[in-house]
Number of protein chains: 2
Amino acid sequence: MTLSSQYQVITSPLGDGLHKDGKRLTPQRLKVLNLFENIGAGNHLSAEEVHEKLIKSSSKVSLATIYRTLRLLVQMGLLHELELSEGGHRYELLSNETADHHHLICIRCGRTEEFESDEVLNAGKVAAKVNGFKLIESSLNVRAICPNCI
Amino acid sequence: MTLSSQYQVITSPLGDGLHKDGKRLTPQRLKVLNLFENIGAGNHLSAEEVHEKLIKSSSKVSLATIYRTLRLLVQMGLLHELELSEGGHRYELLSNETADHHHLICIRCGRTEEFESDEVLNAGKVAAKVNGFKLIESSLNVRAICPNCI
DNA sequence: TTATTATTGAGAATATATACCATCTCTTAA
DNA sequence: TTAAGAGATGGTATATATTCTCAATAATAA
Ligand SMILES: [Mn+2]
Ligand SMILES: [Mn+2]
Ligand SMILES: [Zn+2]
Ligand SMILES: [Zn+2]
């Protein structure tokens, strides 16, 4: 009762998406999403990295909750899950500006470059249609060796 | 000494590839490769599935050796390693007839269809060249829902 | 304010894959 | 044909990534 914040009706895109589904807007969920928003697009973080970054910013969230939250944010369409290489999944912010894009990955050092290709997206569309599948997403991973690692 | 086979010089593509590298042709390695050859192209098996299939054909090979052998056969260019979805890597026979191809995967039931696309391969080539990377391989995974699962 | 129930944190449990090591066996060279 | 040497195997322990369990907590709606 020392703060009036508990009486305010807080509205946010995340909160709205959660509430209309019987889910709750928690500080942990906000922290995870804010991390991705602050770090900007083009960053591909693992669950472990999200965990470490939040600890460094003195906003500890348990690792179990990080995993739960990443899955939730992917389901909500706010994050994108990637399988770039070994060492588990990675996640990146999914924004309207950042169109569907693909990844060129150095198998030696992990350096990752992004690129777009309408031809690739179209190939995925065609393959789905031809087989009567309902398309969800296409992702092209190009495994290669970067100039520094050759 | 009951059999003369120990005096025969046995030659095989697998054996040759192994011997010129100081490696050995073992029954276990033959069993794993034969399984893929017998089952034919277009099958995507996990290490666990290879293990089970060999046990069923009364040719048990330890799981540790399965993992070692799959890695070896990939290095030798006889198998191809796939990351279709959850549940670990899968492997398929790599033959000359089976050109580079891509996969359309049902995220509900796992059904997988294969397709080819020169446009996709070209997009990978271009992306590598533009960034000065040495291309290894491009793989397009199309996540979708199959007719049975819609 | 209170009741409801989703969510969290901590650690156990699971899944996939690799490491270790004693034992075995494929190869090559006597 | 034999034997030495190096590579391979099997069984198990370990590593890593992720999920599960459950009691305690806290967001939401009434
Ligand atoms: Mn990206
Ligand atoms: Mn295939
Ligand atoms: Zn590199
Ligand atoms: Zn399906």
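Each chain gets a letter, A, B and so on, in the order its sequence line appears, and its residues count up from 1. A quick note: this is a predicted structure, and the numbers were derived from the prediction, not measured.
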Against the side chain of B:H19, the closest entry in D:dA27, C:dT27, C:dC26 is C:dT27
Winner on side-chain proximity to B:P27, out of D:dA17, D:dT9, C:dC26, is C:dC26
From CG of A:L14 across to C1' of D:dA27 the rounded distance in Å is 13 Å
Winner on side-chain proximity to A:R24, out of D:dA8, C:dA10, D:dA27, is D:dA27
Do the side-chain N or O atoms of B:T26 get closer than 4.0 angstrom to the phosphate oxygens (OP1, OP2) of D:dT9? yes
Which of B:E114, B:H89, B:H80 passes side chain to side chain donor-acceptor pair (under 3.5 Å) with B:H44? Answer is B:E114
Rounded to whole Å, CG of A:L45 lies from P of D:dA17 at a distance of 15 Å
### Message
For D:dT18 and A:Y67 - does any side-chain N or O of the residue sit under 4.0 Å from the phosphate oxygens OP1/OP2?
### Response
yes
- request: Could you verify whether a donor N or O on one side chain and an acceptor N or O on the other, from A:E48 and A:S46, lie under 3.5 Å apart?
  value: no
Examine distances only and state if a side-chain atom of A:N38 and a backbone atom of A:N34 form a donor-acceptor pair shorter than 3.5 Å.
yes
To the nearest angstrom, the CG-C1' distance between B:L18 and C:dT27 comes to 13 Å
Taken to the nearest whole Å, CG/A:L63 to P/C:dA13 is 18 Å
Open item on the list: Side-chain heavy atoms nearer than 4.5 Å, only ILVMFWY residues, links allowed to pass through others: does that put B:L94 and B:L78 together?
Closed with: no
Output yes when at least one side-chain N/O atom of B:H89 is less than 4.0 Å from OP1 or OP2 of C:dA17, else no. yes
Out of C:dT7, C:dG11, D:dA8, minimum distance to the side chain of A:A64 belongs to C:dG11
Note: for B:E86 and B:L72 on DNA chain D, the residue whose nearest nucleotide lies more 5' is B:L72
From CG of B:L70 across to P of D:dT9 the rounded distance in Å is 12 Å
Problem - Donor-acceptor contact below 3.5 Å, side chain B:R29 vs main chain B:G15 - result: no
5'-most contact on DNA chain C (nearest-nucleotide basis), B:G88 vs B:K23, goes to B:G88
Regarding A:Q28, tell me which of base, sugar-phosphate or nothing describes its non-hydrogen contacts under 4.0 Å with the strands shown. sugar-phosphate
B:L30 atom CG is separated from D:dT9 atom C1', nearest whole Å, by 15 Å
From CG of B:L25 across to P of D:dT9 the rounded distance in Å is 10 Å
Confirm from the modelled atom types if B:R68 and C:dT18 form a donor-acceptor pair under 3.5 Å, side chain to base only.
no
Whole-Å distance, A:R71 CZ to D:dT19 C1', equals 7 Å
Quick note, B:T65 side chain, CB onward, closest among C:dA17, D:dG10, C:dT8 is D:dG10
